[in-house]
Amino acid sequence: MNYQYVASMNELPESQPQKAEVGESEVVLIRTGETVRAFQSKCPHAGAPLEKGAVCEGHLVCPWHKAVFDISNGAWREPLALSSLRQYPVRVEEGKVYVSPKAMSPASRPQIRGDGSQTFVILGVGAAGSAAAITLRDEGFSGKLILIDREREAPYDRTALSKFVPSGKMKISEVPHPLDENFWQQPGVEVIREEVESLDPSLRELRLASGETLAFDKLLLATGGAPQRPALPGNQLKGVHVLRSIGQAERLLREVNSEQRLVIIGNSFIALELASALRNQDIDVTVIARHPQPFEKQFGEEVARGFRQLHEQNGVRFVIGEPQALEGDEHVHRVTLKDGRQVAAEVVVFATGIKPVTGFTHTLAQEEDGSLRTNDRLEASAGIWAVGDIASYPAPEGVRRVEHWRVAQQQGRIAARNMLGKNEVFDRAPFFWTTHYGTRYEYLGHTKNWDNFKFIGSFAEKKFIALYGEAGVLKAVFSCGYYTGTAALLLRMQQPLTLEEAQEIILSAQG
């Protein structure tokens with residue numbers, strides 16, 4: 001094997017990823033004691049530079065979307081990556097590190113053969129459902145796996161629909177799909193593209209819209225949310241849209257051009273990501289919202305003010321008020337507010353939240369918002385698990401429901417392992433990211449209330465850390481430009497930290 005010299009041992013700091021070139025390949029080197037391991041240099045999810053990641057508790061954390069890999073063998077442990085890292089052979093001789101340019105042959109992933117005795121059903125093949133399906137395969141499930149989804153295009157990465165597709169940086173046909181053709185061709189996998197009308201937990205049966213009943217041994221509910229159209233006059237006029245699915249994105253973008261006035265109702269993350277993306281194509285965008293500062297409830301006044309100024313500097317207009325009606329002939333022409341003001345519009349997008357798709361689960365306990373209450377193993381009833389946007393689960397502050405892609409994938413993975421009898425608690429610190437005008441902002445942790453707030457850096461310069469604490473304990477971090485630092489903090493947040501300890505971890509890892 002043709003090993004090549006890449007570094008001396010004393011050039012490699014302990015537990016700090018270092019990039020090196022081996023022939024025509026780039027690898028990331030990780031030293032632990034006298035052992036050095038080499039892996040592919042880019043995250044398999046979105047190509048993040050893993051030398052900018054952080055090593056913590058025997059794991060490598062991706063700097064961008066916080067995928068987690070085992071540094072002993074590169075195996076994926078947390079999404080967004082749903083595959084492991086390629087590993088390269090390493091030799092250490094007389095204090096010198098040599099790496100082969102030929103990666104090790106990966107272990108073949110098991111197949112779902114369908115010859116086992118049990119039938120598992122995953123209802124909803126979005127972020128959570130696809131992560132669960134991959135986990136079942138990787139964990140050796142050998143029974144029959146039935147995947148049900150009402151969308152023919154599922155699964156795909158919905159995050160691209162408000163970020164990259166409307167900006168013109170990604171075509172609809174380029175939206176990533178987490179399950180490749182090989183997955184669907186496994187002998188034990190069946191897919192059904194149909195609505196489910198009802199669930200009978202006692203009989204362990206689903207009734208499909210066709211009238212057919214489907215029996216299962218274990219069921220994962222991952223049906224996600226449906227975008228809401230407020231009950232306003234004119235909400236069904238032509239030119240009025242919601243954005244959740246590929247089909248909805250296609251219909252919206254067919255109607256949008258630089259000569260039209262687009263109004264977004266709501267200042268949610270989806271709303272302002274879409275505003276940012278469309279301004280990249282010079283679309284005229286107005287945002288109508290009840291509150292003057294976006295995200296103030298989530299992040300406080302300082303961060304909220306920064307976001308509003310960022311969008312205004314990039315040409316987005318904000319109108320503060322409540323819509324009363326959408327008006328036009330057959331096609332929308334304006335939005336009338338409750339105070340009588342009118343905002344001209346050829347295209348309107350409702351970005352006013354989602355409702356959990358749980359109407360068919362009549363006999364399962366639901367929260368007021370329509371979500372399903374689970375235990376700390378994400379089980380909603382005996383043999384039935386609920387994950388993603390529809391799951392309300394136990395957390396330190398009480399019951400928590402999080403509508404974010406990575407959390408849904410994490411829950412899908414944990415629930416799948418629990419379907420196989422692993423009995424794992426879901427206690428992960430939530431993480432999500434949002435993109436505005438080419439810059440990624442990160443939120444780690446979760447809090448609705450805080451009594452201690454610390455802001456370091458400058459929002460305008462896109463380099464800051466906002467720390468949120470309650471009773472002396474860190475609850476959440478919102479940041480920009482500290483991607484290595486937040487990677488270092490991710491796993492540490494599973495244990496209580498003070499704001500000062502979190503600040504030190506982030507700044508030390510960032511260097």
Side-chain angles (χ1 to χ4, degrees), residues 6-7 11-22 25-32 36-88 90 97 99 103 159 163-164 169 176 405-406 409 429 431-445 456-458 461-467 477-493 502-511:
V6 293
E11 293 174 333
L12 298 179
E14 179 79 10
S15 297
Q16 291 186 26
Q18 302 288 312
K19 188 167 75 170
E21 292 187 1
V22 183
S25 300
E26 291 182 336
V27 300
V28 63
L29 305 173
I30 300 175
R31 176 183 177 177
T32 52
V36 178
R37 294 182 176 86
F39 301 102
Q40 67 186 77
S41 66
K42 295 187 182 298
C43 180
H45 166 245
L50 292 177
E51 74 275 9
K52 301 291 187 182
V55 174
C56 184
E57 300 177 358
H59 295 89
L60 173 62
V61 183
C62 167
W64 288 0
H65 305 108
K66 309 309 185 241
V68 178
F69 305 94
D70 189 326
I71 62 171
S72 69
N73 55 12
W76 76 281
R77 295 293 182 237
E78 298 279 353
L80 270 53
L82 299 176
S83 60
S84 300
L85 299 177
R86 292 192 308 275
Q87 187 171 5
Y88 291 76
V90 176
V97 180
V99 178
T159 67
K163 295 178 174 73
F164 310 119
K169 296 177 181 178
W405 189 261
R406 184 177 186 271
Q409 288 196 321
F431 167 81
F432 86 92
W433 74 100
T434 183
T435 302
H436 302 257
Y437 306 103
T439 299
R440 190 172 67 258
Y441 301 83
E442 300 184 335
Y443 185 57
L444 177 59
I456 305 160
S458 167
E461 294 176 9
K462 302 176 183 177
K463 187 84 170 178
F464 68 86
I465 308 165
L467 301 163
V477 178
F478 189 75
S479 67
C480 180
Y482 286 90
Y483 309 120
T484 301
T486 51
L489 186 63
L490 180 76
L491 299 180
R492 294 285 301 276
M493 278 193 73
Q503 177 183 333
E504 177 61 25
I505 290 169
I506 293 172
L507 295 178
S508 296
Q510 198 70 30

Value for CZ (F39) from CG (L29), rounded to nearest 0.5 Å, stands at 10.0 Å

### Message
If you define the side chain from C-beta out and look only at heavy atoms, does anything of F431 sit under 4.5 Å from M493?
### Response
no

Does some side-chain heavy atom of T434 sit less than 4.5 Å from a side-chain heavy atom of H436? yes

Residues at least two apart in sequence or cross-chain that pass side-chain hydrogen bond (donor to acceptor under 3.5 Å, both in side chains) with Q510, listed by chain then number, are none

Looking at side-chain heavy atoms only, is the closest gap between L82 and Q409 below 4.5 Å? yes

If we only count heavy atoms from C-beta on, is the L85 to V28 side-chain gap below 4.5 Å?
-> no

CD1 of I71 to CD of Q87, rounded to nearest 0.5 Å, is 10.5 Å

Can you confirm whether E11 is buried at CD, in the sense that more than 12 heavy atoms of other residues, nucleotides or ligands lie under 6.0 Å from that atom?
yes

Residues F69 and G74: closest non-hydrogen pair is CD2-O, 3.7 Å

Taken to the nearest 0.5 Å, the spacing of Q40 CD from S84 OG works out to 9.5 Å

Worksheet item: Are any non-hydrogen side-chain atoms of P79 and W405 less than 4.5 angstrom apart?
Response: no

Minimal heavy-atom distance between R31 and P13, with the atoms involved, is CB-O, 4.0 Å

Requested in this report: Taking the side chain as every heavy atom from C-beta outward, state whether I506 and S479 have any pair of such atoms under 4.5 Å apart.
Outcome: no

When every non-hydrogen atom of L12 is compared with those of A7, the smallest separation belongs to CD2-CB, 4.2 Å

CZ (R406) and CG (L80) are apart, to the nearest 0.5 Å, by 7.0 Å

- Which word best sums up how the rings of H45 and H65 line up, parallel for under 30°, tilted for 30 to 60°, or perpendicular for over 60°? perpendicular

Heavy-atom closest pair (A48 atom, W64 atom, distance to 0.1 Å) is CB-CD2, 3.3 Å

One should read off an interatomic distance between W76 CH2 and C62 SG, to the nearest 0.5 angstrom, of 14.0 Å

In short, salt bridge (charged side-chain N to carboxylate O under 4.0 Å, His left out) pairs touching residues 57-68 with sequence neighbours left out are K66-E442

d(Y483 OH, R440 CZ) to nearest 0.5 Å is 5.0 Å

Note: L50 and P17 closest approach over all heavy atoms is O-CB, 3.6 Å

* To do: Ignoring hydrogens and angles, tell me if any N or O in the side chain of T484 forms a donor-acceptor pair with the backbone of G53 under 3.5 Å.
  => no

Quiz item: Should the heavy atoms of other residues, nucleotides or ligands under 6.0 Å from CD of E14 be counted, would the total exceed 12?
Solution: yes

| query | Is R37 reaching over with its side chain to a backbone N or O of N73, donor-acceptor style, under 3.5 angstrom? | reply | no

Closest non-hydrogen atoms of C56 and R492, given as atom of the first, atom of the second and distance, are SG-CG, 3.9 Å

Decide yes or no for V27 and V6: does some side-chain heavy atom of the first lie under 4.5 Å from some side-chain heavy atom of the second? no

- Message: Ring-plane angle category for F478 and Y441, please: parallel below 30°, perpendicular beyond 60°, tilted otherwise.
- Response: parallel

Subject >> Note, T435 side chain near T159 side chain (heavy atom, < 4.5 Å) >> reply: no

